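Everything numeric here is computed off the predicted structure, so don't read it as measured data. Letters go in sequence order (proteins before strands), and every chain restarts at 1.
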Number of protein chains: 2
Amino acid sequence: MTDLPKQRVDTPTNFPPFEQPCPIRDVLDRIGDQWSLLLLESLAPGRKRFSELGREIGDISKQMLSRTLKQLEQDGFITRTVYPEVPPRVEYELTDLGQSFRGPMQALVQWADANHRVIVEARNRYRGLD
Amino acid sequence: MTDLPKQRVDTPTNFPPFEQPCPIRDVLDRIGDQWSLLLLESLAPGRKRFSELGREIGDISKQMLSRTLKQLEQDGFITRTVYPEVPPRVEYELTDLGQSFRGPMQALVQWADANHRVIVEARNRYRGLD
DNA sequence: CTGAATCCCATAGGATACTG
DNA sequence: CAGTATCCTATGGGATTCAG
């Protein structure tokens with residue numbers, strides 16, 4: 001029984017609460033994990049099957065691959081199609097929602113790619129003046 | 001002594017490794033945490049001080065506020081200015097790098113805002129067919 | 001092959017108390 | 001006010017094993 005993660009309405013903490021649970025945070029909490037973005041990227045070219053995704057990502061465990069795909073399916077980013085064959089085959093594919101996400105995702109990816117160098121330099125500079 | 005997080009080159013796992021440590025992942029690992037994006041958003045309008053940010057975010061602990069700001073500073077997203085006054089005042093402000101990040105960030109935020117409803121519906125639909 | 005279940009550890013992140 | 005240090009819990013996520 002996978003009880004879905006509750007919405008963080010619990011402990012207020014030492015700063016006075018301010019905004020209601022916002023959509024941004026809700027979305028980011030889901031696709032902000034270690035693998036979601038990578039998987040959506042991998043699925044961008046087209047439908048792929050389980051192990052194919054595993055190979056492409058490289059260092060993801062089967063467990064996390066499975067979990068993350070399920071999350072993405074639940075949230076409506078991808079579809080999961082099972083082919084009742086002898087060695088089972090399952091294919092994943094972006095939904096319209098998933099496709100529509102490619103825009104902002106690409107913006108992010110491109111920015112990261114373009115600015116990675118600057119960031120690394122900043123880190124090194126920071127370390128330098130310890 | 002805050003030893004910086006190492007680069008995940010350790011255990012290969014059960015899938016054969018595939019890509020070298022990529023910039024995307026490196027960047028996302030940093031701004032993909034629970035608070036970075038929120039803070040960058042908060043700082044978008046202009047420079048703000050520590051407690052001001054804390055109040056705006058609402059449910060962030062002082063500790064995480066401090067840590068996250070330091071991370072963002074290290075990576076060159078923001079600057080930290082200390083005013084040697086009686087009650088100390090510290091202000092944070094986006095750097096050029098931080099500013100340049102607003103583009104992709106806004107894309108993401110707007111998408112999240114626009115599609116949150118659809119996602120929530122997808123989740124509920126999924127729960128329905130248990 | 002595609003997962004689910006179990007075990008286990010490392011880390012994120014909150015609470016609190018203390019400092020300059 | 002703006003942090004830092006300490007402690008502690010919850011969660012993320014890998015490894016391994018089991019199942020259809």
Side-chain angles (χ1 to χ4, degrees), chain A residues 1-17 25 28-39 47-55 57-73 78 80-92, chain B residues 1-17 25 28-39 47-55 57-73 78 80-92:
Chain A
M1 174 61 75
T2 44
D3 53 335
L4 2 182
K6 51 181 183 307
Q7 188 57 20
R8 283 197 46 63
V9 197
D10 39 300
T11 342
T13 73
N14 53 353
F15 276 115
R25 214 181 293 201
L28 288 180
D29 277 358
R30 282 300 184 82
I31 55 88
D33 68 277
Q34 190 172 163
W35 305 115
S36 292
L37 249 29
L38 278 316
L39 283 174
R47 46 174 39 218
K48 281 177 187 160
R49 46 193 302 188
F50 187 81
S51 54
E52 207 174 344
L53 289 167
R55 266 191 307 276
I57 303 290
D59 58 344
I60 186 175
S61 68
K62 286 195 301 178
Q63 155 120 244
M64 285 316 296
L65 181 53
S66 178
R67 274 195 209 168
T68 309
L69 286 170
K70 182 180 290 181
Q71 293 275 11
L72 292 174
E73 188 197 358
I78 63 178
R80 176 178 181 273
T81 316
V82 185
Y83 297 85
E85 302 175 356
V86 189
R89 181 164 55 103
V90 181
E91 291 193 339
Y92 296 87
Chain B
M1 176 62 73
T2 45
D3 54 335
L4 3 182
K6 51 181 180 308
Q7 187 59 16
R8 279 195 49 59
V9 196
D10 38 301
T11 343
T13 74
N14 52 354
F15 277 114
R25 212 179 295 199
L28 288 180
D29 277 357
R30 282 300 183 82
I31 55 87
D33 67 280
Q34 191 172 163
W35 305 116
S36 293
L37 249 31
L38 277 317
L39 283 174
R47 45 172 41 215
K48 283 179 186 159
R49 48 194 301 189
F50 187 82
S51 54
E52 208 174 344
L53 289 166
R55 267 190 306 277
I57 303 288
D59 58 345
I60 186 176
S61 67
K62 286 196 300 180
Q63 164 138 203
M64 285 316 296
L65 181 54
S66 178
R67 276 195 209 169
T68 310
L69 287 170
K70 184 179 290 183
Q71 293 274 10
L72 291 174
E73 187 196 358
I78 63 177
R80 175 176 181 273
T81 316
V82 185
Y83 297 85
E85 302 174 357
V86 190
R89 180 164 56 104
V90 180
E91 291 192 339
Y92 295 89

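Pairing each heavy atom of L39(B) with each of L72(B), the nearest pair is CB-CD1, 4.2 Å. Heavy atoms only, all atoms of each residue included: K62(B) and F50(B) are closest at O-CZ, 3.9 Å. Among all heavy-atom pairs drawn from R49(B) and P88(B), the shortest one is NH2-O, 3.7 Å. What you find for R25(B) and I57(A) is that their closest heavy atoms are NH2-O, 3.9 Å.
For K70(B) and dG3(D), the shortest distance from a side-chain N or O to OP1 or OP2 is not below 4.0 Å. For the OP1/OP2 pair of dA2(D) and a distance below 4.0 Å, the side-chain nitrogens and oxygens of S66(B) include no atom meeting the criterion. Between S51(A) and dT2(C) there is a side-chain polar atom (N or O) within less than 4.0 angstrom of OP1 or OP2. For the OP1/OP2 pair of dG14(D) and a distance below 4.0 Å, the side-chain nitrogens and oxygens of S61(A) include at least one atom meeting the criterion.
Rounded to a whole Å, the NZ atom of K48(A) is 18 Å from the C1' atom of dT2(C). To the nearest angstrom, C1' of dA10(C) lies 12 Å from CD of Q34(A). The distance between atom CD1 of I60(B) and atom P of dG13(C), rounded to the nearest whole Å, is 9 Å. Counting to the nearest Å, the P atom of dA17(C) and the CD atom of Q63(B) are 15 Å from each other. If you measure from atom CE of M64(B) to atom P of dA15(C), you get 12 Å, rounded to the nearest angstrom. In this structure, R30(A) places its CZ atom 14 Å from C1' of dT11(D), rounding to the nearest Å. Summarising the geometry, the separation between CZ on R55(B) and P on dG3(D) is reported as 14 Å, rounded to the nearest angstrom. Atom CG of D29(A) is separated from atom P of dG12(D) by 10 Å (rounded to the nearest Å).
For E52(B) and T68(A), each mapped to the nucleotide of DNA chain D holding its nearest heavy atom, the one lying further toward the 5' end belongs to E52(B).
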Intermediate values then yes/no, side chain to side chain contact (heavy atoms under 4.5 Å, CB included), V90(B) and L69(B) = CA-CA 11 Å; V90(B) 180; L69(B) 287 170; over 6 Å; no
query = Are E52(A) and R55(A) close enough, and set up right, to give a side chain to side chain contact (heavy atoms under 4.5 Å, CB included), and what steps lead you there?
reply = CA-CA 5 Å; E52(A) 207 174 344; R55(A) 266 191 307 276; 4.0 Å; yes
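A heavy-atom distance below 4.5 Å is found between the side chains of R47(B) and T81(B).
The residue R67(A) sits close to a base: some heavy atom pair falls under 4.0 Å. Across all strands, Y92(A) comes closer than 4.0 Å only to sugar-phosphate atoms, never to a base (heavy-atom distances).
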Polar atom pairs between nucleotides 17-20 of chain D and protein, under 3.5 Å, N or O only, would you list them?
none

